[in-house]
Structure formats: C-alpha cells, structure tokens
Number of protein chains: 2
Amino acid sequence: MNLKDLADQLNLSPTTVSRALNGYPEVSEVTRARVEDAARRYNYRPNTQAKRLATGRAMAIGHVIPISTQHEIVNPVFADFIAGAGEVYARSGYDLLMTIVPDEDQDRIYREIRSKRNVDGCIVHSPKMAEPRIGLLRELGLPFVVHGRATLETGPYSWVDMNNIRAFHRATEFLIDLGHRRIALINGIETMDFAHRRRLGFEQALAARGVQADPGLMASGEMTEAQGYHEAMAMLAGPQRPTAFLTSSLLSAMGVRRALGDLGLVLGRDVSIVTHDDDLSYLRNGGDEPIFTATRSSVRDAGRRCARLLLRQIELGKAAVPKPVGELLEAPLIVGASTGPAPGV
Amino acid sequence: MNLKDLADQLNLSPTTVSRALNGYPEVSEVTRARVEDAARRYNYRPNTQAKRLATGRAMAIGHVIPISTQHEIVNPVFADFIAGAGEVYARSGYDLLMTIVPDEDQDRIYREIRSKRNVDGCIVHSPKMAEPRIGLLRELGLPFVVHGRATLETGPYSWVDMNNIRAFHRATEFLIDLGHRRIALINGIETMDFAHRRRLGFEQALAARGVQADPGLMASGEMTEAQGYHEAMAMLAGPQRPTAFLTSSLLSAMGVRRALGDLGLVLGRDVSIVTHDDDLSYLRNGGDEPIFTATRSSVRDAGRRCARLLLRQIELGKAAVPKPVGELLEAPLIVGASTGPAPGV
DNA sequence: TTCGCCAACCAAAGCGCTTTGGAACGGGAG
DNA sequence: CTCCCGTTCCAAAGCGCTTTGGTTGGCGAA
C-alpha cells in the first residue's frame with residue numbers, strides 16, 4: 001500500500017493525502033480525519049527511502065564506532081551510550097546507523113558517509129587529545145557532537161563531557177585526606193582525552209597537597225579486569241607499595257580487588273580503591289550500598305544528552321549555522337566500602 | 001555532484017555512466033575507464049536514498065535491541081555481537097540500523113520496520129523459549145536470522161546458536177568427575193531460551209550420574225556481578241553448602257569469587273567455579289592462562305555468522321524463498337585455575 | 001547490394017514521496 | 001451582479017538513481 005493506492009481508495013489526490021498526514025493546514029479537518037482513519041486501517045506507512053529522497057533529509061544519525069586494531073576491543077560503554085542516544089532518536093523519528101571501523105579507516109568512512117548522504121549528522125566517540133575527525137567533519141559540513149573533548153583542538157565544536165579533571169582531583173583529595181600518600185593511578189590509554197584529563201586531575205591534587213607523584217605508580221592501558229590485576233600485582237610487589245589505587249574503570253577496579261585477594265590483603269583496610277563508575281546497566285557498582293567508592297557519571301545519560309544536542313543542531317542548521325555548545329557533567333564522589341584510612345594512620 | 005552532472009561533464013548519458021559504474025557489460029572498456037576516472041576526480045558517490053528508492057533494496061540490516069523494562073539492562077554481549085556482524089555488513093556494503101526498544105514495544109517496531117521498508121532483513125536477539133517475533137517476521141515476510149533458538153517454536157527458521165545443552169552438560173560432568181556433588185547453578189533468566197537449555201544440560205548431567213538436583217542451589221536472574229555475589233552468599237550460608245558453582249556469565253562468576261573472598265574461602269580449593277565465557281573483547285577470561293575454567297564461545301564470531309547467513313538468505317531470496325538453515329556452534333571446555341577436587345575427596 | 005547482428009550508447013519511464021503553482025468553489029463586500 | 005479572497009483540493013514537476021526498450025552505426029554473410 002503506497003501513497004497513490006491510498007489516495008485512490010479515498011478518491012483524493014496524493015497531494016492531499018500527503019498533506020493530511022503531515023499536518024499541513026490547507027486540508028479540512030474532516031478530510032484529515034478520513035485520511036488518517038484510512039491510513040490506520042490499511043496500515044499505511046510512507047516508504048522511508050522515497051520520503052528521504054524527496055525531502056533530502058536522511059532522518060538518521062551515524063555512530064562510527066572505532067575498533068582499536070591492536071587490542072581488538074570494543075569499548076564496553078558503547079552499549080549503554082547508544083541505548084541512551086537511541087531513546088532520544090526513537091522519540092524524534094530518527095534512525096541510528098552504526099558503522100564499526102578499524103581505527104585507521106575512520107577518515108575514509110566519514111567522507112563516505114558524507115557523500116552518500118545517508119545521515120544528517122553524527123556522534124564522535126572516544127576523542128583523542130589531538131582529534132583529526134573534528135577538523136574533518138567541520139570541513140565536510142556534517143553536523144556532529146563529540147562525546148568527550150579534544151584538548152589540542154582549538155576550533156569550536158559541540159560536545160558533552162564529564163568533568164574528568166575535577167572528578168579525579170576530588171577522588172585523589174579524598175584519599176589524601178584519609179592519610180594515603182602512595183596512591184597508584186590505573187588509567188586508560190593516555191592519548192585518549194578523557195584519560196589525559198583524569199591524570200591531570202590526579203597530578204594536580206597530589207601537587208596541591210605537596211605529595212610527590214611516583215611514575216612507578218602510574219599505569220595506563222586498555223581498561224580491563226586483567227589490566228587492573230596485573231598492574232596491581234606489579235605495583236604491590238615493588239618497593240614503593242601503594243596503599244591506595246585510583247582506577248579509571250570498574251573492570252580495572254575488579255582486577256585490583258582480585259590482586260588484593262591473591263596477596264591476602266583486605267580491601268578498605270590494607271589497601272583502598274577509588275574508581276570511576278560509568279554506571280553501566282550491566283555493571284552496576286553494587287545496589288544500595290556501593291561496593292567501591294567511586295566517582296559516578298552515567299554514560300547512558302551522556303548518550304541522551306549528545307543525541308538531544310545533535311538533533312537540536314540539525315534542526316537549527318536548516319536556518320543558519322548553529323553555535324557550537326558544550327555540556328559539562330559533574331561526577332559526584334560516592335563513598336562505598338572500598339576505602340578507609342591509610343594503614344598506620 | 002550527482003549522476004547527471006557527472007554525465008554532462010563526460011558528454012555521456014546518465015544511463016551509460018550508471019552502467020559503467022555498476023559494472024554492466026554493455027559499455028566499452030575505454031568509456032568505463034573514463035567514467036571511473038572522472039568519478040574519482042570529482043569524488044562522486046551515488047546518493048544512497050536515490051539508489052535505494054530505485055532498486056527497492058534498503059541495503060541495511062536491522063538490529064532491534066530489546067531493553068528489559070524491569071531491569072533497564074542492555075545485554076553486555078550486544079557490543080561484541082554487533083562488532084562481528086558489522087564487519088560482515090561493511091564488506092558487503094550494507095548498513096546496520098539499530099533500534100533500542102522496550103521489551104513490550106517490539107511487535108510494533110518490527111511491523112513499522114517492515115512497512116517503512118528501510119531494512120532488507122533483521123537479526124532477532126535474545127529469543128525466549130516461546131518467541132512471538134519469529135512467527136511475526138515470518139508472517140511479515142521479512143528475512144531474519146535468530147541469534148539463538150526458540151524451543152517452543154515449531155516452524156522452520158534460520159538461526160545460529162551455541163550448543164548450550166552440551167556445554168553445560170560437559171561442565172557439570174567435569175565438576176562431578178572432580179568429586180563435587182553439591183553443585184550450584186547461577187543462570188540467566190530462564191524464560192530466555194539459552195538459559196533454559198543450560199539448565200537442561202546441567203540437570204541431565206546430574207541425573208545421568210545419579211546426583212540429586214537441589215532446587216535451593218539453582219538461581220536465575222540478570223547475569224551481573226551483584227547477582228553472582230548475592231546468590232553465592234545466600235547459598236554458602238545455607239545448610240547445603242555447595243562446593244562448586246556453575247555460572248552463565250563471567251560477570252556472575254566474578255561476583256561469586258567476591259563472595260568467596262568475603263567468606264575467606266579459597267577459589268579452586270574450597271570452592272570451584274566453572275563459567276560460560278562469551279569471549280567478549282573487554283571482558284577476557286585472563287590472557288594465556290584462563291582465570292576461570294570455562295566453556296567458551298565467541299559472541300563476536302556468532303555475530304559474523306548470523307550476518308553472513310542473513311545476507312546469503314537475502315541474496316537468494318531475490319530468486320525464491322530460501323530454505324532456513326541452522327548453525328550449531330560447540331563451546332569447548334577450557335580448564336583454568338578456578339576448579340579443583342571437591343574438598344575432602 | 002541487402003540483410004541481420006552485434007557493440008555501444010541513449011531517452012524516458014519509473015521508484016514513492018514532497019512541493020510548487022495553480023484551479024474550483026463559495027461567500028461576503030461593494 | 002460582480003469581484004475578490006479564502007478555503008480546499010489537485011496536476012505535475014521534482015528528488016537522483018536504475019532499468020526498459022529502444023536507436024545508431026559498422027561489419028560480415030549471403
């Protein structure tokens with residue numbers, strides 16, 4: 001059943017049917033009701049491709065998910081991020097187009113996406129400190145919103161980010177207040193902007209309180225359980241045994257906890273852990289009482305915000321070039337059972 | 001730059017340019033070369049929407065991701081599954097269209113997808129034992145492949161599934177051989193087909209060896225770390241303390257491990273754990289030496305297989321209705337450090 | 001010389017929708 | 001009674017591609 005068939009059934013022209021269904025004023029209310037009723041009865045749904053071709057709008061948002069070729073890892077936060085963004089798209093009638101791409105092919109894919117015109121805008125995931133995709137998209141004139149920021153990018157762009165610096169600053173201060181001095185940082189890959197900022201917050205807090213940072217107590221890599229375990233094992237075997245760990249991910253924190261178990265150390269008494277918690281649906285930090293003391297910021301919520309921002313930009317963009325805007329989310333520190341005073345304090 | 005412009009530049013008709021670019025034989029090789037060269041120079045890319053409208057093929061595959069409304073959980077395996085499927089789509093020029101839907105809206109969404117004609121087929125995720133979506137899609141005539149199976153579905157359909165029964169049968173036997181008799185099962189939600197089958201394998205193995213199944217040692221629910229922890233704590237506090245756990249997910253296994261730690265029990269000596277491992281990229285079961293003894297089956301690989309199967313069906317479907325086929329994947333049991341003889345054996 | 005055939009190209013008709021630019025009709029103002 | 005305007009509808013021209021059903025010109029066979 002297409003528009004023409006439906007029009008024939010109603011003894012109306014396709015024009016009128018189209019207008020009736022799309023809420024144009026120049027059709028009488030009684031006709032509109034008739035049309036809507038028939039559309040429902042015949043289960044008519046306009047052909048997406050035709051609509052898109054005619055309007056020139058793709059009604060779809062692109063998510064280009066990079067897959068790191070060394071590690072073959074899909075970032076575990078994507079599922080939740082996309083769940084959040086997807087909610088918003090669904091409400092506005094947009095589709096979500098996903099493309100999984102090896103890191104080095106990203107440029108090509110963005111160009112292709114642009115010239116094939118099958119999305120109206122896109123979300124940039126996992127920006128690095130120096131992020132070539134931002135310049136590229138600006139040049140291509142494709143609306144976009146970055147989930148995160150790119151420190152070395154000077155031009156304007158829209159983004160949604162959490163306050164990584166402040167979160168890790170606060171977490172570090174919290175440990176120092178508990179008497180910890182040898183604090184280890186188990187971070188993500190530090191070319192990634194978020195990891196860079198987290199380290200900054202960590203170092204600034206140490207410096208502000210006159211605590212010497214120890215390079216031997218700073219690790220960075222893919223944030224997995226195994227990473228947490230191995231780094232913790234190595235650090236705890238070293239001469240400058242840390243009394244506390246700050247980790248960038250719940251998974252890493254779980255690895256550190258396993259290492260403590262293996263070494264017979266008690267969490268929260270012998271060694272403390274503070275982690276960042278992305279509040280993933282399948283990886284909750286406990287129920288009522290959090291397991292780990294953590295800075296928490298919902299990735300799903302970030303997904304929703306990115307989507308809303310992008311749709312707004314696209315909407316506005318029809319009239320004029322919209323002003324880039326940023327949204328900075330705070331991550332409160334939530335005290336759980338994994339922290340306590342430094343031993344011997 | 002569209003087809004017509006390009007044709008004008010070349011002093012050719014759009015027909016010829018289209019045929020040249022799409023590899024039709026009725027255009028001379030010298031002309032084809034000229035066209036291809038110009039296309040490259042002008043960075044011409046056919047408009048996706050127009051192409052789709054003209055050919056009637058959406059060149060996209062739909063993934064409808066249900067989101068359980070009680071638990072608000074996004075299944076953590078989706079990311080890897082989609083990474084696998086996405087690889088295959090990319091190679092064949094298909095897009096991946098994702099829709100996140102609350103459980104109860106699925107019917108509506110499939111119908112909508114169908115009548116909007118914006119995908120050529122779709123993947124059915126997380127089938128239940130009784131799976132209405134299969135009948136629905138068959139009725140709608142939309143090609144589909146199920147990731148998993150639906151025990152109570154009698155009609156034919158295409159699927160890719162792992163041998164859940166055999167995997168859990170084998171894992172259970174392995175524990176029995178080690179002398180364990182009080183074995184706990186921490187399973188997914190058992191209306192889900194995979195969880196049902198896993199339980200079947202477990203019970204069959206117990207029965208075959210004359211071990212009485214204890215309902216108090218069988219739990220089912222969302223497979224999270226917290227689930228593993230709480231169920232294990234409860235069971236270990238009970239009268240019929242298990243000496244071994246069989247879990248459906250690495251996350252649950254990690255929760256069980258935490259419980260053991262809290263109770264001062266040693267993993268692999270006091271209590272054994274066997275888990276199923278989906279081989280997720282961000283949740284590896286250790287590196288060289290696996291942490292947990294586990295049945296392993298790569299979800300990413302399953303994604304690839306589903307995608308290939310679906311594309312093949314779509315390709316064939318142009319000629320005739322293709323025969324449904326199934327692919328059963330075995331999950332080898334990989335011995336790690338989490339299992340040992342039952343205490344006192 | 002005529003005819004048929006093949007290689008190489010093209011005009012025009014879709015695909016199913018939106019949108020432009022009317023047309024038809026009725027009612028109120030003059 | 002005429003004129004004008006607002007309301008309500010419609011025909012037809014796109015959107016950018018594919019595909020059908022040609023046409024044209026050259027060459028070999030009869």
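The basis for the numbers below is simple: all heavy atoms, side chains too, and nothing from hydrogens, waters or symmetry mates. The chains referred to below are lettered A, B, ... by the order of the sequence lines, with proteins before strands, and numbering in each begins at 1.
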With respect to the phosphate group of [N], does any side-chain polar atom (N or O) of [X] fall under 4.0 Å of OP1 or OP2?
{"X": "A/Y44", "N": "C/dC17", "result": "yes"}
{"X": "A/T31", "N": "D/dC9", "result": "yes"}
{"X": "B/N22", "N": "D/dT18", "result": "yes"}
{"X": "A/Y24", "N": "D/dC9", "result": "no"}

Nearest-angstrom distance from the residue atom [atom1] of [X] to [atom2] of [N]:
{"X": "A/L3", "N": "D/dC10", "atom1": "CG", "atom2": "C1'", "value": "13 Å"}
{"X": "B/R45", "N": "D/dG16", "atom1": "CZ", "atom2": "P", "value": "17 Å"}
{"X": "A/K116", "N": "D/dC15", "atom1": "NZ", "atom2": "P", "value": "22 Å"}
{"X": "B/K4", "N": "C/dA13", "atom1": "NZ", "atom2": "C1'", "value": "16 Å"}
{"X": "A/N47", "N": "C/dC15", "atom1": "CG", "atom2": "P", "value": "11 Å"}
{"X": "B/L6", "N": "D/dT18", "atom1": "CG", "atom2": "C1'", "value": "15 Å"}
{"X": "A/E29", "N": "D/dC9", "atom1": "CD", "atom2": "C1'", "value": "15 Å"}
{"X": "A/R57", "N": "D/dG16", "atom1": "CZ", "atom2": "C1'", "value": "19 Å"}

Candidates [options] - which lies nearest the side chain of [X]:
{"X": "A/A50", "options": "C/dG16, C/dC9, D/dT18", "result": "C/dG16"}
{"X": "B/A54", "options": "C/dC17, D/dT19, D/dG16", "result": "D/dG16"}
{"X": "A/S13", "options": "D/dT8, C/dT19, D/dC10", "result": "D/dC10"}
{"X": "A/S18", "options": "C/dG16, C/dT19, D/dT18", "result": "C/dT19"}
{"X": "B/S28", "options": "D/dT8, D/dT19, C/dA8", "result": "C/dA8"}
{"X": "B/R19", "options": "D/dT19, C/dT19, D/dG16", "result": "D/dT19"}
{"X": "B/T16", "options": "C/dC10, C/dC17, D/dC9", "result": "C/dC10"}

Evaluation steps, side-chain hydrogen bond (donor to acceptor under 3.5 Å, both in side chains), between A/D95 and B/N118: CA-CA 10 Å; A/D95 283 335; B/N118 54 357; 3.0 Å; yes
Base of C/dT19 paired with side chain of A/T15 (donor-acceptor, under 3.5 Å):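 In this structure, the two groups form a donor-acceptor pair.
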Any donor-acceptor pair under 3.5 Å from B/S115 side chain to A/R45 backbone: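 Not confirmed, B/S115 side chain does not pair with A/R45 backbone.
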Sugar-phosphate only, base, or nothing, as touched by A/R52 at under 4.0 Å among non-hydrogen atoms: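 Counting heavy atoms under 4.0 Å across all strands, no contact is made by A/R52.
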Sugar-phosphate, base or nothing in reach of A/N11, heavy atoms under 4.0 Å: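 Sugar-phosphate contact only.
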First encountered from the 5' end of DNA chain C, between B/V17 and A/P46: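 Going by which nucleotide is closer to the 5' end, it is B/V17.
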Validation row, ring centre B/H125 to ring centre B/F81 under 6.0 Å: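 Judged by ring-centre distance (under 6.0 Å), B/H125 and B/F81 do meet the cut-off.
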Ring pair (Phe, Tyr, Trp, His ring centres under 6.0 Å) between B/H147 and B/F194, intermediate numbers included: CA-CA 10 Å; B/H147 178 211; B/F194 78 91; 9.4 Å; no
5'-most by nearest nucleotide on DNA chain D - B/L53 or B/E26: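 Nearest nucleotide further toward 5': that of B/L53.
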Exercise: identify the closest heavy-atom pair between B/V325 and B/L309: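 Result for this residue pair: CG2-CD1, 3.2 Å.
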Smallest separation among heavy atoms of B/V74 and A/R300, with atom names: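 B/V74 and A/R300 have their closest heavy atoms at CG2-NH1, 4.2 Å.
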